[in-house]
Amino acid sequence: MISIGISYLCIVGVIFSARITLQASTPASPFYIGAAVEYHPVTTGGNGTFIANKNAQNYVKFLKTASEKDVDIIVFPENGLTSGEPDPPGGAAGLIAKSSYIPDPRESKVPCHDASSTVMQAVKDISCAAHRYGLYVVINIIEKVKCTGERCGANKDTHDFYNTNIVFDRAGTIIARYRKYNLFDEKFMNKTSRPELSIFKTDFNVTFGQFICFDILYETPALQLLREKKITDIIYSSHWFSELPFLTSSQIQTSWSFANNVNFLSSGLNSPSSGSGGSGIYAGKEGLLGRVWSEKRTNAIVISKISKVVNSRRSQPSNPIDTSTIHYSQNEITTINGTEPVTQQKLLKDDLAPYKTSVFKPNNGTQNLLLCDDDFCCNFTTKTSHNDALIKDANAKYYRYRFAVFKGVRGYGKKATAGVEVCGLIACTNDNQNSCNERFDINTIVIQPTIFNSIKITGNFTIGLNILRLPVSLTNDLQPLNTPDYSFIYGHINKTHASLKYTLTKPHGDLMTFAIYGRNFTADGQPKTSTSTIAQSSFYLMAIIAIGGLFINHNYV
Ligand SMILES: *[C@@H]1O[C@H](CO)[C@@H](O)[C@H](O)[C@H]1NC(C)=O
Ligand SMILES: *[C@@H]1O[C@H](CO)[C@@H](O)[C@H](O)[C@H]1NC(C)=O
Ligand SMILES: *[C@@H]1O[C@H](CO)[C@@H](O)[C@H](O)[C@H]1NC(C)=O
Ligand SMILES: *[C@@H]1O[C@H](CO)[C@@H](O)[C@H](O)[C@H]1NC(C)=O
Ligand SMILES: *[C@@H]1O[C@H](CO)[C@@H](O)[C@H](O)[C@H]1NC(C)=O
Ligand SMILES: *[C@@H]1O[C@H](CO)[C@@H](O)[C@H](O)[C@H]1NC(C)=O
Ligand SMILES: *[C@@H]1O[C@H](CO)[C@@H](O)[C@H](O)[C@H]1NC(C)=O
Ligand SMILES: *[C@@H]1O[C@H](CO)[C@@H](O)[C@H](O)[C@H]1NC(C)=O
Ligand SMILES: *[C@@H]1O[C@H](CO)[C@@H](O)[C@H](O)[C@H]1NC(C)=O
């Protein structure tokens, strides 16, 4: 009797909710199921409308997989729907066909049912699929807004354009919209006069905040969501251009999630020829749940059981079996055909010329060095084992290391400048400082003569709301280190300063980067720090201490 009753209820439930998923998380569940999509988009074959429709058809395939895995919420990448190019040839006029009007979320519109809606077909299709599969869906789109009169600007545009994320609930209703604030060049995109804090509540009682790509390196809206709205779960869509040695996609995402101890669902546009890709789900100080990073083009989805954060605590520790990563074949999603345009991710390089660096001479034992850029000092302590026999062969390829410190202003893209404050250990392909933003090709056999048994970076750092500091790391194959291989601990000094200790706690012979990457928002917009000859010759080491009876012979560049 009882079992008949239950199955009857289930059938009624299916009919009434018109949902395929039976297992939605509830307010009472200790976790929910999240998905992040890595997507290589369709970018050619027709006009913008055609391309968006093709990409929407592919999105529906990801949604089907997600519903089969009981996913509650799924995030798609920046520029994924309306093709990978934010600045199309043809300028603003070319954007009309690949952009959409988007209703204000306060109107609670369901574009799927709405014949009169001016929302583009691709977005309607996704609204329908969100309803059909019964999950929350986050997509990114170029949004167009009709504009009249003065505020349209000198070029008499008929539209403003925004790089916009929209969120559908399980019924296909648009419940949230976020217009990207920190644009990365994107010369045809507009930005809102103030950053929007876009949050939305779900039926499983998690309130998410969202932001896009380059926003991650800024105070607002990203950090404001945490400080003002107490957000614990972040939705992030990106079309990132990975840069060595500090800013590859997963490296920065995992460290942001860790430093702020928030769950982080990150979806990346996949395009290795521009160094774009990297998606994952991160659980704050619990570390990585699942990640996709591919040197070649790929379509994939990461699905994870994510512990809710209640009163700053996760109800259950993360478990690797609760995550699955599915790669799609060319038959399933046909965007990857023909020969690979590049054999590996083509990465950008940070300009390290203004950095103060000091060559690390590996030994068997402990070394200590205080290295400063102006008044900004970091104290490095390393314990290494170094097998020098391995590199006797003149052709051996191996990474050399330098300590590097920089406080100043750098450029991001063509326009923005930003305050940074960095100290860390970086890997170089030869003895020159200008090789410390490169890597060996992925097919190179790289020998690992130096094992770092531990690294400790400490300093007395200014604290405040204008500073964000991230513990970044990378191995040779561009994997960020995961907890518990490191710790990152603040200690109280006084109102304006804190001591910070970033420690490598497990031996690694495959290190590429181990650094504290700081952003100083106060210095944003100032002129770039240049590499004057004076700066180069005024390079100084405040102290060199060799523990264990070894004298370190430092090279000054
Ligand atoms: C929903 O979440 C809030 C904030 O974490 C909590 O206070 C509340 O008790 C939760 N509600 C339910 C029904 O679990
Ligand atoms: C885009 O191409 C389709 C055919 O694929 C055509 O029907 C449509 O009118 C075109 N739209 C624009 C705005 O040119
Ligand atoms: C949007 O951007 C265009 C191009 O930069 C500009 O001409 C226009 O004034 C902007 N619109 C608003 C509302 O700022
Ligand atoms: C291969 O890719 C090109 C360019 O994206 C596209 O025009 C073509 O239709 C694709 N072929 C198949 C079989 O999907
Ligand atoms: C470190 O110890 C190993 C093993 O004893 C030895 O082969 C190697 O030469 C030593 N390295 C240095 C730099 O002394
Ligand atoms: C740097 O760290 C070492 C090892 O912990 C310590 O002995 C030394 O005093 C520190 N130097 C400074 C300037 O804090
Ligand atoms: C940090 O401050 C402490 C106490 O004022 C001092 O002993 C230490 O040397 C400082 N560390 C660095 C790296 O400057
Ligand atoms: C706070 O500590 C820092 C680093 O030790 C020191 O330079 C600064 O003078 C201290 N400030 C105050 C107000 O004591
Ligand atoms: C941040 O930048 C401001 C303005 O250039 C500067 O005065 C301050 O010292 C910097 N702070 C840090 C911690 O780098």
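Starting from 1, each residue takes its place in the sequence as its number.
The closest side-chain heavy-atom distance from Phe360 to Arg402 is not below 4.5 Å. Leu481 has its side chain within reach of Thr475: a pair of non-hydrogen atoms, C-beta onward, lies under 4.5 Å apart. Counting heavy atoms from C-beta on, the side chains of Leu504 and Leu511 come closer than 4.5 Å. Looking at heavy atoms from C-beta onward, Leu289 lies in side-chain contact with Ile306 at the 4.5 angstrom threshold. In this structure, Ile166 and Glu143 have side chains that are not in contact, with every pair of non-hydrogen atoms separated by 4.5 Å or more. Counting heavy atoms from C-beta outward, Phe214 and Asn163 have side chains that stay 4.5 Å or more apart. Residues Leu217 and Asn182 are not in side-chain contact: their nearest non-hydrogen atoms beyond the backbone lie 4.5 Å or more apart. At least one side-chain heavy atom of Ile391 sits under 4.5 Å from a side-chain heavy atom of His386.
Closest approach of Glu286 and Pro317 over heavy atoms only: OE1-CA, 3.6 Å. When all heavy atoms of Thr483 and Gly287 are compared, the pair lying nearest together is OG1-CA, 3.6 Å. Summarising the geometry of Leu474 relative to Pro245, their closest heavy-atom pair is CD1-O, 4.0 Å, with the distance given to 0.1 Å. Shown here for Ala404 and Leu371, the closest heavy-atom pair between the two residues is N-CD2, 4.1 Å. Between Asp510 and Gln448 the shortest heavy-atom distance is CB-NE2, 3.5 Å.
Checked against the 6.0 Å centroid criterion, the rings of Tyr236 and Tyr282 do not qualify as a close aromatic pair. Aromatic ring centres of Tyr39 and Phe76 lie farther apart than the 6.0 Å criterion allows. Aromatic ring centroids of Phe204 and Phe31 lie 6.0 Å or more apart. Taking the ring centroids of Tyr502 and Phe514, they lie under the 6.0 Å cut-off. Between Phe246 and Phe406, the gap from one ring centroid to the other reaches at least 6.0 Å.
Although no hydrogens or angles enter the test, the distance criterion places no donor-acceptor pair under 3.5 Å between the side chain of Ser304 and the main chain of Ile281. Ser255 places a side-chain N or O within donor-acceptor distance of the main-chain N or O of Gln251, the cut-off being under 3.5 Å. Using modelled atom types, one side-chain atom of Asp373 and one backbone atom of Lys407 make a donor-acceptor pair closer than 3.5 Å. A donor-acceptor contact shorter than 3.5 Å is absent between the side chain of Thr207 and the backbone of Lys201. For the pair Glu219 (side chain) and Gln224 (backbone), a donor-acceptor distance under 3.5 Å is absent. With hydrogens and angles disregarded, no donor-acceptor distance shorter than 3.5 Å links the side chain of His239 to the backbone of Glu78. The main-chain N or O of Asn79 is found under 3.5 Å from a side-chain atom of Asn140 such that the two form a donor-acceptor pair. Panel note: side chain Asn311, backbone Arg313; no donor-acceptor pair is recorded below 3.5 Å. Between the side chain of Ser435 and the backbone N or O of Asn430, at least one donor-acceptor pair lies under 3.5 Å. A donor-acceptor pair is defined here as one N or O able to donate and one able to accept, closer than 3.5 Å; no such pair exists between the side chain of Ser358 and the backbone of Phe403.
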Check against side-chain hydrogen bond (donor to acceptor under 3.5 Å, both in side chains), Asp72 and Ser25: CA-CA 7 Å; Asp72 295 296; Ser25 296; 2.7 Å; yes
Where do Lys187 and Lys414 land on the side chain to side chain contact (heavy atoms under 4.5 Å, CB included) test, with the steps shown first? CA-CA 10 Å; Lys187 61 175 182 255; Lys414 294 188 195 100; over 6 Å; no
Checking side chain to side chain contact (heavy atoms under 4.5 Å, CB included) for the pair Ile199/Leu225: CA distance, chi angles, key distance, verdict? CA-CA 8 Å; Ile199 65 173; Leu225 285 168; 3.6 Å; yes
Verdict with reasoning, Thr298 to His327, per side-chain hydrogen bond (donor to acceptor under 3.5 Å, both in side chains): CA-CA 7 Å; Thr298 194; His327 286 266; 3.1 Å; yes
Please report the C-alpha distance between Glu295 and Leu478 in whole Å, then the side-chain angles of each, then the deciding distance to 0.1 Å, and finally whether the side chain to side chain contact (heavy atoms under 4.5 Å, CB included) criterion is met. CA-CA 10 Å; Glu295 296 285 356; Leu478 303 189; 4.2 Å; yes
Salt bridge (Lys or Arg N to Asp or Glu O under 4.0 Å) for Asp351 and Arg410? Distances and angles first, verdict last. CA-CA 8 Å; Asp351 176 12; Arg410 63 159 289 175; over 6 Å; no
Would you sort out whether Ser242 and Thr248 count as a side-chain hydrogen bond (donor to acceptor under 3.5 Å, both in side chains), showing the intermediate values? CA-CA 4 Å; Ser242 282; Thr248 60; 5.0 Å; no
Run the numbers on Thr496 and Asn494 for side-chain hydrogen bond (donor to acceptor under 3.5 Å, both in side chains), then give the verdict. CA-CA 6 Å; Thr496 55; Asn494 58 34; 3.1 Å; yes
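Interatomic distance, OG1 of Thr382 versus CD1 of Ile455, reported as 7.5 Å (0.5 Å rounding). Rounded to the nearest 0.5 Å, atoms OH (Tyr181) and CG (Leu197) are 11.5 Å apart. A distance of 6.5 Å separates CD of Gln433 from CG of Leu352, quoted to the nearest 0.5 Å. How far CD1 of Ile457 is from CG of Leu500: 9.5 Å, rounded to the nearest 0.5 Å.
Asn165 and Ser237 share a donor-acceptor pair across their side chains, judged by distance under 3.5 Å alone. For Arg314 and Asn261, the side-chain atoms include at least one donor-acceptor pair closer than 3.5 Å. Between Ser276 and Ser271, the side chains place no donor N or O within less than 3.5 Å of an acceptor N or O (distance only, hydrogens not considered). With hydrogens and angles left out, the side-chain atoms of Tyr178 and Asp215 include a donor and acceptor closer than 3.5 Å.
Of the two cysteines examined, Cys378 and Cys372, the SG atoms fail the criterion of being under 2.5 Å apart.
Results of the side chain to side chain donor-acceptor pair (under 3.5 Å) test with Glu38 over Ser267, Ser266, Ser279 single out Ser279 as the only residue that passes. The only option from Val302, Leu288, Ile303 that meets the side-chain contact (heavy atoms from CB on, under 4.5 Å) definition with Thr323 turns out to be Val302. The only option from Lys415, Lys180, Arg179 that meets the salt bridge (charged side-chain N to carboxylate O under 4.0 Å, His left out) definition with Glu186 turns out to be Lys180.
Taking a 6.0 Å sphere around NZ of Lys308, one finds it holds more than 12 heavy atoms contributed by other residues, nucleotides or ligands. Crowding of Lys346 atom NZ: a count of heavy atoms from other residues, nucleotides or ligands under 6.0 Å not exceeding 12.
A salt bridge between Arg469 and Glu421 is present, with a side-chain N of the basic residue lying under 4.0 Å from a carboxylate O of the acidic one. We find that Lys356 and Asp374 are not joined by a salt bridge, their nearest charged nitrogen and carboxylate oxygen being 4.0 Å or further apart.
The aromatic rings of Tyr32 and Phe208 sit perpendicular, their planes meeting at an angle over 60°, well past the 30° parallel limit. Taking the six-membered ring where the residue is Trp, Tyr218 and Phe521 present parallel rings, their angle staying beneath 30° rather than reaching 60°.
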